[in-house]
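Worth saying up front: this structure is predicted, and the values here are computed from it rather than measured. A, B, ... follow the sequence lines: proteins, then strands. Residue 1 opens every chain.
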Amino acid sequence: MPELPEVETLRRGLAERLVGRTIAAVEVRLPKLFVQGDPTTLVGKQVAAIRRVAKFLVWEFADDWSLVLHLNLTGQIILQLPDGTRFAGGHPIPAFTVPLPHKTTRLLLTLDDGSWLALDDVRTFARAWLLPRPAAEAFLAAQRRGPDALLDPLDPATLSQQLRRHKRAPIKAVLLDQAFLAGVGNIYADEALFGAGIHPARPAGDLSETEVVRLLAEVRAVVQLAVQEGVARVRNGRAVPGAQLPRVHARRGEPCPRCRQPIVKTVVAQRGTYFCPVCQPLEAASPNSTTAIR
DNA sequence: AACTACTCCTGGAGGC
DNA sequence: TGCCTCCAGGAGTAGT
């Protein structure tokens, strides 16, 4: 499922290949993909820039319109270049090498150089908004959204204060809340909690200041690593063998990379959740480790 | 206000 | 081989 690193990786690859290109043809295969705007008016628009805002991919056109795209759970983009090579990203199903259009292809764009782009989405949750630039910016600004997990300063004092409002909610649920931190999803929440040695079901309000600092550092580190080294690879709920990330997510029963105890799967905040029961104890950290947040 | 549960949705995996 | 059931979860919303 595309989270911040997947969207950022897509953004970089698409920007490199699409800026300056003009859309020559559009085929919409799932009309409800477009919440706002008439996709047929994409024809003739020239790509000026591709930005990322949290998990939104924002295409800016030379005529001051914007295409805002959210891949949600299972969106993926495959760009096929004139020489037949592909650049792809997002959810890994169907395989990026699948013949296109696939039955899950929801949008097809043809570019003026003969390359074409498919938006595939198995579960049809992806959404698009085609809007004049000011309306698009207003739409993005209106999203309840915390600091960007990759780009914005993650101030422990500010975020600790917010955690106080979530006294009893499991820390993982708060990490998944985009209003707290933008860009973290199920995989990287598990990874950051593992890195920080914090049990995903710990009440958010019980975390010590030290733990909050450590957790924020891990969020940033995990997201940065995923962007730099290639995204966490999970297929059909299983981690792809040999991948550096994820270390615990989708690795039930596999040895913890730190202590070799088997990784456990449970459900927290209605999400499949993986953690090491030894490295991430449910009890608050040792007594000598600072005061709990009230 | 904080928190939980439900709702969209369908391909793929696993059981028999 | 072919049914059938279950599972995956981002984010909005309704209910407690």
Side-chain angles (χ1 to χ4, degrees), chain A residues 1-8 10 29-36 52-57 68-77 90-107 118-129 139-140 142-146 148-149 161-191 200-207 223 231-240 246 249-253 265-274 293-294:
Chain A
M1 54 308 305
E3 302 182 29
L4 186 156
E6 287 80 2
V7 178
E8 176 62 19
L10 255 180
R29 305 176 131 230
L30 182 76
K32 74 170 184 183
L33 170 65
F34 280 83
V35 178
Q36 281 181 281
R52 179 185 62 79
V53 177
K55 297 179 197 169
F56 292 94
L57 205 53
V68 179
L69 195 58
H70 198 302
L71 297 175
N72 253 299
L73 269 75
T74 55
Q76 65 168 218
I77 287 176
H91 190 70
I93 295 171
F96 295 148
T97 52
V98 74
L100 292 171
H102 186 255
K103 61 181 169 182
T104 60
T105 301
R106 313 304 184 191
L107 176 71
L119 171 70
D120 276 52
D121 181 20
V122 170
R123 272 167 258 170
T124 72
F125 290 154
R127 291 294 179 265
W129 298 259
F139 169 80
L140 291 167
Q143 304 290 316
R144 290 172 61 251
R145 204 173 56 229
D148 188 277
Q161 205 167 13
Q162 295 202 30
L163 285 179
R164 274 180 219 131
R165 287 204 282 271
H166 299 276
K167 253 181 139 64
R168 299 201 331 268
I171 182 61
K172 177 165 176 181
V174 180
L175 278 181
L176 293 176
D177 181 357
Q178 301 300 294
F180 175 71
L181 207 54
V184 177
N186 202 35
I187 294 176
Y188 298 106
D190 281 0
E191 294 302 304
R202 288 267 307 279
D206 286 359
L207 265 58
V223 167
V231 297
R233 304 197 32 225
V234 178
R235 279 183 72 92
N236 297 324
R238 297 265 172 85
V240 173
H249 187 89
R251 293 192 184 277
R252 170 165 50 182
K265 183 189 182 186
T266 181
V267 174
V268 176
Q270 285 82 53
R271 298 288 178 273
T273 297
Y274 302 80
I293 300 165
R294 251 182 321 129

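Summarising the geometry of A/Pro246 relative to A/Arg251, their closest heavy-atom pair is O-NE, 2.6 Å, with the distance given to 0.1 Å. Heavy atoms only, all atoms of each residue included: A/Gln162 and A/His166 are closest at O-CD2, 3.4 Å. The minimum heavy-atom distance between A/Asp190 and A/Tyr274, with the atom names listed, is OD2-N, 3.0 Å.
Within the 3.5 Å criterion, the main-chain N or O of A/Leu140 finds no donor-acceptor partner in the side chain of A/Gln143. Checking side-chain atoms of A/Arg52 against main-chain N and O of A/Ala54 turns up a donor-acceptor pair under 3.5 Å. The closest donor-acceptor contact from the side chain of A/Gln178 to the backbone of A/Gly183 lies under 3.5 Å.
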Footprint string (nucleotides 10-16 of chain C, 5' to 3'): B base within contact, S backbone only, - free, heavy atoms under 4.0 Å: BBS----
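In this structure, A/Leu71 atom CG and B/dC8 atom C1' are separated by 17 Å, rounded to whole Å. If you take CG of A/Asp121 and C1' of C/dG9, they are 12 Å apart, rounded to a whole angstrom. The distance from atom CD1 of A/Ile93 to atom C1' of B/dT10 is 11 Å, rounded to the nearest whole Å. Atom pair A/Arg168:CZ and B/dA1:C1' shows a separation of 12 Å (rounding to whole Å applied). Here B/dC9 presents its P atom at 14 Å from CG of A/Leu33, a figure rounded to the nearest Å. Atom NZ of A/Lys167 and atom P of B/dT4 are 15 Å apart (whole Å). Atom CZ in A/Arg251 sits about 17 Å away from atom P in C/dA8, given to the nearest Å. Across the protein-nucleic acid pair, A/Arg123 atom CZ and C/dC7 atom P stand 13 Å apart, rounded to whole Å.
With B/dC9, B/dC3, B/dG12 as the candidates, the nucleotide lying closest to the side chain of A/Thr124 is B/dC9.
A/Thr104 comes within 4.0 angstrom of sugar-phosphate atoms only, judged by non-hydrogen atoms across all strands, and of no base.
A residue-by-residue look at A/Arg165 and A/Gln270 shows that A/Arg165 has its nearest nucleotide of DNA chain B further toward the 5' end.
In the helix from B/dA2-C/dT16 to B/dC16-C/dG2, the end axes, each obtained as the rotation axis mapping the C1' atoms of four pairs onto the next four within a five-pair block, lie 50° apart to the nearest 10 degrees.
At B/dC9, one or more side-chain N or O atoms of A/Lys32 fall inside 4.0 Å of OP1 or OP2 (strictly under the cut-off).
The side-chain heavy atoms of A/Phe139 and A/Val68, taken from C-beta on, include a pair separated by under 4.5 Å.
In this model, a donor atom of one side chain and an acceptor atom of the other lie less than 3.5 Å apart for A/Asn186 and A/Lys172.
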For residues 93-103 of chain A, run the donor-acceptor check on the side chains, cut-off 3.5 Å, and write out each pair with its distance to 0.1 Å, sequence neighbours left out.
| unit_1 | atom_1 | unit_2 | atom_2 | d |
| --- | --- | --- | --- | --- |
| A/His102 | ND1 | A/Thr104 | N | 3.1 |
| A/His102 | ND1 | A/Thr104 | OG1 | 2.7 |

